[in-house]
Amino acid sequence: MEILSPQNARVKGWAQLQEKKHRDKQNKYVVEGIHLVQEALSSGADIECIAYDMDKGIPLELRQIPDRGQGAEWIGVSHAVIAKVSDTPSPQPVFAVVRKEARQWQDLIMRENGLVIVLDGLQDPGNVGTIIRGADAVGAAGVILGRGCADLYNPKTLRSTMGSLFHLPVLEGELLSILPEARERGARLVTTMLEGKRSCFEYDFRGTSWIVIGSEGRGVSPEVAAIVDDAIRIPMPGQAESLNAAMAASVLMYEALRQRHYADTGQ
């Protein structure tokens with residue numbers, strides 16, 4: 001199948017997915033570029049269709065994937081179509097329309113000894129995506145985005161994950177409901193605060209640990225802060241006043257990884 005005109009009704013529907021309200025209404029989102037489409041294919045994501053620049057053909061990296069997304073429709077499109085759907089000035093030659101997956105946050109609560117990263121009001125898509133990528137890197141059980149966070153399916157968020165979105169559960173939910181239940185089931189909730197008495201390097205991240213990261217400007221909301229068990233601090237002996245959310249989350253995630261897997265090995 002081929003589509004040449006950017007005025008095509010189907011193309012207009014794809015272009016609408018750059019807006020959250022349409023992503024929510026259609027229950028779909030767009031991933032752009034060879035790498036993200038490759039990750040979506042390799043992970044078995046629910047892909048509706050893959051559109052590629054008909055002048056360039058299907059990228060070699062995608063042709064080499066076994067089964068190449070069974071059930072996904074492959075559509076050759078003009079560069080004008082790709083430009084209409086993309087949110088970047090220099091669009092890449094392929095994009096995929098992916099159906100959102102229904103995931104239950106209760107599955108994360110049941111993960112014994114799981115490391116879960118919780119984001120509270122984190123509005124920067126780059127930080128949200130980077131934290132998801134870091135959680136993937138350390139082998140976290142999953143990530144939960146609370147109210148006020150950047151949309152998971154925002155194109156900037158998706159690009160920042162570098163495909164990690166497809167490697168671990170990433171859920172959106174109401175933290176004031178989720179966190180108390182996680183706590184009842186044995187999760188230890190910890191966040192960072194300037195007045196935290198213990199250093200993150202003294203804290204025990206083993207066992208079922210849920211790390212709560214607050215927004216860039218105000219930190220963890222008072223409502224969530226009232227639920228967490230422990231407040232710790234990240235030592236900063238230098239002159240920097242603070243770390244951004246993604247940097248702070250990375251420090252905590254890698255300290256948790258060190259304690260869980262490397263503390264007694266000397267590695």
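Side chains are part of it too, since the values below use all heavy atoms of this structure and drop only hydrogens, waters and symmetry mates. For reference, positions follow the sequence shown, starting with 1.
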Does [X] use its side chain to pair, donor to acceptor, with the backbone of [Y] at less than 3.5 Å?
X: S199; Y: P235; value: no
X: S78; Y: L4; value: yes
X: T208; Y: N113; value: yes
X: Q16; Y: H22; value: no

Using a 4.5 Å cut-off on heavy atoms from C-beta on, say whether the side chain of [Y] contacts that of [X].
X: L17; Y: F95; result: no
X: R183; Y: D229; result: yes
X: T192; Y: I211; result: no
X: D53; Y: V77; result: no
X: V128; Y: S160; result: no
X: D151; Y: T157; result: no
X: Y153; Y: E172; result: yes
X: E32; Y: Q92; result: no

Can [X] and [Y] be counted as an ion pair, charged N to O under 4.0 angstrom?
X: R147; Y: E223; value: no
X: D230; Y: R198; value: yes
X: K100; Y: D24; value: yes

More than 12 foreign heavy atoms under 6.0 Å from [atom1] of [X]: is that the case here?
X: E112; atom1: CD; answer: no
X: R111; atom1: CZ; answer: no
X: R99; atom1: CZ; answer: yes

If you measure from [atom1] on [X] to [atom2] on [Y], what distance do you get to the nearest 0.5 Å?
X: L122; Y: L145; atom1: CG; atom2: CG; value: 8.0 Å
X: S164; Y: I131; atom1: OG; atom2: CD1; value: 12.5 Å
X: D204; Y: R260; atom1: CG; atom2: CZ; value: 9.0 Å
X: R206; Y: R188; atom1: CZ; atom2: CZ; value: 14.0 Å
X: I117; Y: I144; atom1: CD1; atom2: CD1; value: 10.0 Å
X: F205; Y: L115; atom1: CZ; atom2: CG; value: 8.5 Å

Is there a continuous path of hydrophobic side-chain contacts, each under 4.5 Å between heavy atoms, that joins [X] to [Y]?
X: I234; Y: I232; answer: yes
X: V85; Y: L158; answer: no
X: I34; Y: M54; answer: no
X: I47; Y: V30; answer: no
X: V11; Y: M1; answer: yes

Start with the C-alpha distance between E48 and E73, add both sets of side-chain angles, then the distance that settles side-chain contact (heavy atoms from CB on, under 4.5 Å), and finish with yes or no.
CA-CA 6 Å; E48 177 182 281; E73 183 181 8; 6.0 Å; no
Can you label the angle between the Y52 ring and the W74 ring as parallel, tilted or perpendicular, going by 30° and 60°?
tilted
Minimum heavy-atom separation for P155 to Q18, with atom names?
CG-OE1, 2.9 Å
Looking only at non-hydrogen atoms, find the nearest pair between I50 and A96 and report the distance.
CG1-CB, 4.1 Å
Under the side-chain contact (heavy atoms from CB on, under 4.5 Å) criterion, do I227 and L189 qualify, and how do the steps go?
CA-CA 8 Å; I227 298 173; L189 311 179; 3.8 Å; yes
Could you tell me if E39 and H167 have a donor-acceptor pair between their side chains, going purely by distance under 3.5 Å?
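Note: H167 and E39 side chains meet the donor-acceptor criterion.
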Output every pair passing salt bridge (Lys or Arg N to Asp or Glu O under 4.0 Å) with a member in residues 83-96, not counting sequence neighbours, ordered by first then second residue.
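The answer is D87-R159.
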Could you walk me through whether I132 and L168 pass the side-chain contact (heavy atoms from CB on, under 4.5 Å) test, one step at a time?
CA-CA 9 Å; I132 292 170; L168 77 169; 4.2 Å; yes
